[in-house]
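Letters A, B, ... mirror the listed sequences (proteins, then strands); counts begin at 1. Since this is a predicted model, take the numbers as computed values, not measurements.
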Amino acid sequence: MQYLLMIYQNEAEYGKMDAEAGKKMTEEYGAFTQSIIQSGNFKAADRLQPTHTATTVRVRDGKILTTDGPFAETREQLGGYYLIEAKDLNAALSIAARIPSARTGSIEVRPIWVYN
Amino acid sequence: MTPIEIERIFRDEAGRALATLIRLVGDFDLAEEVLQEAFAVACERWADGPAPGNPRAWLVQVGRNKAIDRVRRQIAFRGKQTELHHQMLLDSAAADSATDTGALDDDMLRLIFTCCHPSFAIDVQVALTLRTVCGLGSAEVARAFLVSEEAMAQRLLRAKQKIRLAGIPYEMPEREDLEPRLTGVLAVVYLVFTEGYVATSGEELMRTDLAQEAIRLGRLLDALMPDHGEIKGLLALMLLHDARRASRETAGGDIVLLENQDRLRWDCDQIAEGLALVETALRLPGRPQPYAVQAAIAALHARAPDFAATDWPQIAGLYEVLLRISPSPVIELNHAAAVSMVDGPARALALVDALQARGGLKGYELLPAVRADLLRRLGLKEAAREAYLAAQSATRLEPLRRLYARRLKELER
């Protein structure tokens, strides 16, 4: 099965990290990504620019409405994702728990909708 | 056989038969539906003669055939899509394990661990367990949660969808996950029991059916995993508490407190069984487990010939052990109550007040009740009155409310 692991963390807190901690975090992410590529679980992953760069689009009565910022203000923000292949939810959860940001933020694990 | 006898057999076997059918057909809903159909067939066939020697294997066999029929009809209707599923069913029919006891036990554990998967909210775990493992109807489960049958059916439907869509595996946890997962399962069982022992709200103090289901689950787990002291401890705890059932309320449904209970009405057989289990649980290697220690406390109550002769110092000591190994505000409150019997209510009141000041037990309705009792025993009538009033407004259980009202009346004298 495929799962999307959505990485939520407090952007403001994350931004306050000093250079050394930031470097360490990057290394940890690198090692984690390598490990799931090697185990065959990796499908895709990206880090997102912060929410102040977001624009939200809605179409109402045929008109395009755009608003500045994310669609909802929350304490933790979506900062990136991994798309993985895993045997079942237990396997997906244990991979999610190894994402470095799981220690400070939250990882939402959602199965991918399969059309048949 | 009479319909009642058939119903009873079905009730006893449904959980295990369902557990195996889920493995064989690979789908919760389909398994439930075909088991219901198998039950309908049983009602017809068994009415005229004796039940088959192994009713569970019979139910599984008939249910599986119903599932195969259905999938065949779907193939005819929809074409090749379901062929894979069909093949799976046929394979399982070939590799017949429906009568192998070991495989059946494993199926039951799979079902329990799946229903108590930590990706479900705890109340969903309880609802799923009552519905599928215990075989309660949606209406009965709804009653246990005091929600409408429709709302409960919806909640169960969503949970079963989550099993399928999120890929919650139908399996026992791996060795390294077993202990934390078992702790979760036992928490579900204990929650079912405590709701049966003292209901959260309503007219009735106890819901005997829920307490009985919890004990049944405890026995089942103990039989399936006999080397786990925690299971024995929990089962002992439940048996010892439940043994006092008959003495815990008057015919009119009023609460009878431990100090006033007629100990001759306690269930001796159940107490003996509980005591033996506590001893086994405490003798197993490893550090003492919380349920076993709580059961040891219940055992001291069960052994005491009367309230005054209870070994309070040892009970207080065991609560101190619990405070070390699994601290919680509820344990602190119980510890304070035991301390009041050893060192007097003044010292206990200091403990309870300290707990309240920390705000550790916010919303826990028994705190004002324990305080009120201590204040009453200290002769501080006005403060006791206030605390009983607070206790009265905190509870949603009518028998407790009546108990506090009685105390308030006594204070006026």
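- With respect to B:Asp222 and B:Lys232, a salt bridge is recorded, a charged nitrogen being found less than 4.0 Å from a carboxylate O.
- With a threshold of 4.5 angstrom between heavy atoms, B:Glu174 does not approach chain A through any atom at all.
- Residues A:Glu13 and A:Lys16 are paired through a salt bridge, judged by an N-O separation under 4.0 Å between the basic side chain and the carboxylate.
- Highest contact tally toward chain A, considering only B:Pro173, B:Ala166, B:Pro118, B:Ser119, is held by B:Ala166 [criterion: heavy-atom pairs under 4.5 Å].
- Salt bridge status for A:Lys23 with A:Glu20: absent, with no side-chain N to carboxylate O gap under 4.0 Å.
- Side-chain contact between A:Pro70 and A:Gln77: absent, with no pair of heavy atoms (C-beta onward) separated by less than 4.5 Å.
- The part of A:Leu93 that comes within reach of chain B is its side chain, from C-beta onward, which places non-hydrogen atoms under 4.5 angstrom from that chain.
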